[in-house]
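Reminder, nothing fancy here: chain letters follow the sequence lines and each chain counts from 1.
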Amino acid sequence: MIKAIKGVKDLLPEESPRWRFIEETARRWALAYGFQEIRVPIFETTTLFARSIGATTDIVEKEMYTFADRDGSSLTLRPEGTAGTVRAFIEHNRAADPRPQKYCYAGPMFRHERPQAGRLRQFHQFGVESFGVADPRADVEVMSLLWRLLSDLSLPGLTLEINNLGYTDDRARYKPVLVAFLKGVEQRLCANCQRRIEANPLRVLDCKVPDCRIATEDAPRLADSLSPAARDHFERVTTGLHAIGIPFHMNPRLVRGLDYYCLTAFEVTCSHLGAQNAVGAGGRYDGLVQQLGGAAIPAVGFAVGLERIALMLPEAVVIPSTPRVYVAAFGTKGADAGFSLLDELRRAGVPADMDFRSVSLKAHLRQADRLGALYTILLGDDEIDKGIATLRNMQTKAQEDLPIRDLVSSLQSRLLTSISTPFSS
RNA sequence: GUGGGUGUAGCUCAGCUGGUUAGAGCGCCGGAUUGUGGAUCCGGAGGUCGCGGGUUCGAAACCCGUCACUCACCCCA
């Protein structure tokens, strides 16, 4: 038996309504905030990711699905959505468009990691990117969208944590100070952090190992190295969050894994998830557009993990199923007429179904029940001879005889009251 | 890349210190009801016990290897 490769998952019909619900909720909120959907390729030239995410990050160093194209050029399956979006923004010169450039996207991402709860090799993200606005209200807007849409999904135990990473210059000033301190306590740090001192010193502050936490308790704070402009920006971000009632916690240790973030960094965690408790995260990345060859355009965005949302989406958030009509056609004449009737119903916009395997009326009704049909049309040879069919209400068991030629219009009007969106499930 | 746990029917799982034909519940199909779903009763189908080797008179069980899944580390959404 050929099986799916490690770290990918099939989404079976039973669970796809949940996913559609999540995706539609996210998209609806984003559109309401003025974001517009962009669809970019799932693979790009490798250097795009190497230059945007950061050459020394784990993602680039060991997690990318990279392969050679036929002409030898190196391609990579996207490990995240920002790089491709920024590339498209630059390539199509969207900065020239006077309207706000606010994009949202959804789709699969790929990282070669060991799978575990809430982490897959092919996983799915929904994200937004807001280009061209340096105003802190753009940060607030993005965090607000993130918070509102997750709350709308009734996800339990959410926390929004934020931090100020400062400008690149601020971090450049801070890094040597921090490194000097870390070298002083090097012996007390875990092996990983000892390695991080050179590779990614800020990340040491976010280590979960208790000893590392203790060792870095008196570390110089990034906040003390921040320029007045960076402080002012963050101040206005927090003020904005307060103003519109978005609850948040300051987390001075929060460091995002990707190199391109600056100023505002944020993360929403969920207490009901496994070890991978980050549902969504993002931040400002003012230098990235320029770094990838565009103009100096500020930007801010976030991404949420759809698998992680699906994991904690309460069962109670059920998706209404489409009311259906089942055509129970049996007998030689009935089966033929029923098949035509089925097609007529469908062309008239009535969601209808039939199980061609069923022969007896009993088997048909059992299927109608399983499929959750509201009505079943009983159509046997007797009915054909009389030109009438029996319409059975599956909930009340009430039956009435109707002329076959009136069935379609009758069902159209009957279902009109109960159908909200004909093809929503 | 590193550790732990688990692999028995479509699903959830029993299966004792190795013992004869590998079980249950749910689900599925059929019948009781020759044209009326869900409940009940009766019957039935369905298994390379993850795979390969080994020990043994005898292995689902013990040993070795291997693969898969899973959780965690790392990292991240």
Atom [atom1], compared across [N] and [M]: separation rounded to whole Å:
| N | M | atom1 | value |
| --- | --- | --- | --- |
| B/A14 | B/A24 | C1' | 7 Å |
| B/G46 | B/G23 | P | 14 Å |
| B/U36 | B/G31 | P | 11 Å |
| B/C49 | B/G7 | P | 15 Å |
| B/G44 | B/U55 | C1' | 40 Å |
| B/A59 | B/G18 | P | 13 Å |
| B/G35 | B/U21 | C1' | 42 Å |
| B/G53 | B/C42 | P | 43 Å |

Ionic contact status for [Y] with [X], cut-off 4.0 Å:
| X | Y | result |
| --- | --- | --- |
| A/R346 | A/D353 | yes |
| A/R28 | A/D152 | yes |
| A/K9 | A/E307 | no |
| A/R414 | A/E400 | yes |
| A/K333 | A/D385 | yes |

Rounded to whole Å, please give me the gap between [atom1] in [X] and [atom2] in [N].
| X | N | atom1 | atom2 | answer |
| --- | --- | --- | --- | --- |
| A/Y260 | B/C76 | OH | C1' | 12 Å |
| A/N277 | B/C71 | CG | P | 15 Å |
| A/K9 | B/A77 | NZ | P | 20 Å |
| A/Q122 | B/A77 | CD | P | 17 Å |
| A/L306 | B/A77 | CG | P | 14 Å |
| A/K6 | B/U70 | NZ | P | 8 Å |
| A/I5 | B/C67 | CD1 | P | 17 Å |
| A/H112 | B/G1 | NE2 | C1' | 9 Å |

Are the side chains of [X] and [Y] in touch, meaning some heavy atoms are under 4.5 Å apart?
| X | Y | result |
| --- | --- | --- |
| A/W19 | A/H124 | yes |
| A/V86 | A/Y260 | no |
| A/R94 | A/Y103 | yes |

Practice item. Could you go through the ring-ring contact (aromatic ring centres under 6.0 Å, His included) check for A/F339 and A/F356 one step at a time? Key: CA-CA 9 Å; A/F339 189 60; A/F356 308 128; 5.7 Å; yes

**Study point:** Spacing of CZ belonging to A/F302 relative to CG belonging to A/L149, to within rounding of 0.5 Å
**Key:**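 So the CZ of A/F302 and the CG of A/L149 are separated by 5.5 Å.
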
Complement of [N], any strand, by Watson-Crick or G-U distances under 3.5 angstrom:
| N | value |
| --- | --- |
| B/C49 | none |
| B/U21 | none |
| B/G30 | B/C42 |
| B/U6 | B/A68 |
| B/C62 | B/G54 |
| B/G37 | none |
| B/G1 | B/C73 |

Revision key, fill the gap. Each nucleotide of nucleotides 27-39 of chain B classed B (base within 4.0 Å of a protein heavy atom), S (only sugar-phosphate) or -, in 5' to 3' order, makes -SSS----BBBB-

Exercise for review: Let me have a per-nucleotide readout for nucleotides 3-8 of chain B, 5' to 3', with B, S or -, counting only protein heavy atoms under 4.0 Å.
Suggested key: B-----

Check your understanding: So which one's nearest nucleotide on RNA chain B is more toward 5', A/A4 or A/A278?
Key ->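 In this pair, the answer is A/A4.
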
Practice item. Quick one: closest heavy-atom pair of A/P156 and A/M312, and the distance? Key: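 Closest approach of A/P156 to A/M312: CD-O, 3.6 Å.
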
Check your understanding: Can you name the residues that form a side chain to side chain contact (heavy atoms under 4.5 Å, CB included) with A/S225, not counting sequence neighbours?
Key ->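 Counting only residues at least two positions away or on another chain, A/S225 forms a side chain to side chain contact (heavy atoms under 4.5 Å, CB included) with A/Y174.
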
Practice item. Kindly say whether, by distance alone, the side chain of A/E267 makes a donor-acceptor pair under 3.5 Å with the base of B/C76? Key: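 Donor-acceptor pair under 3.5 Å: no.
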
Review point. Which is true for A/G118 with a 4.0 Å heavy-atom rule: it touches a base, it touches only sugar-phosphate, or it touches nothing?
Key: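 Base contact.
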
Check your understanding: Can you tell me if the side-chain N/O atoms of A/R119 get under 4.0 Å from OP1 or OP2 in B/C74?
Key ->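 It does not, given that no N or O in the side chain of A/R119 lies less than 4.0 Å from OP1 or OP2 of B/C74.
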
**Study point:** B/C73 phosphate, OP1 or OP2, under 4.0 Å from A/Q116 side-chain N/O
**Key:**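 The answer is yes; a side-chain N or O of A/Q116 sits under 4.0 Å from OP1 or OP2.
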
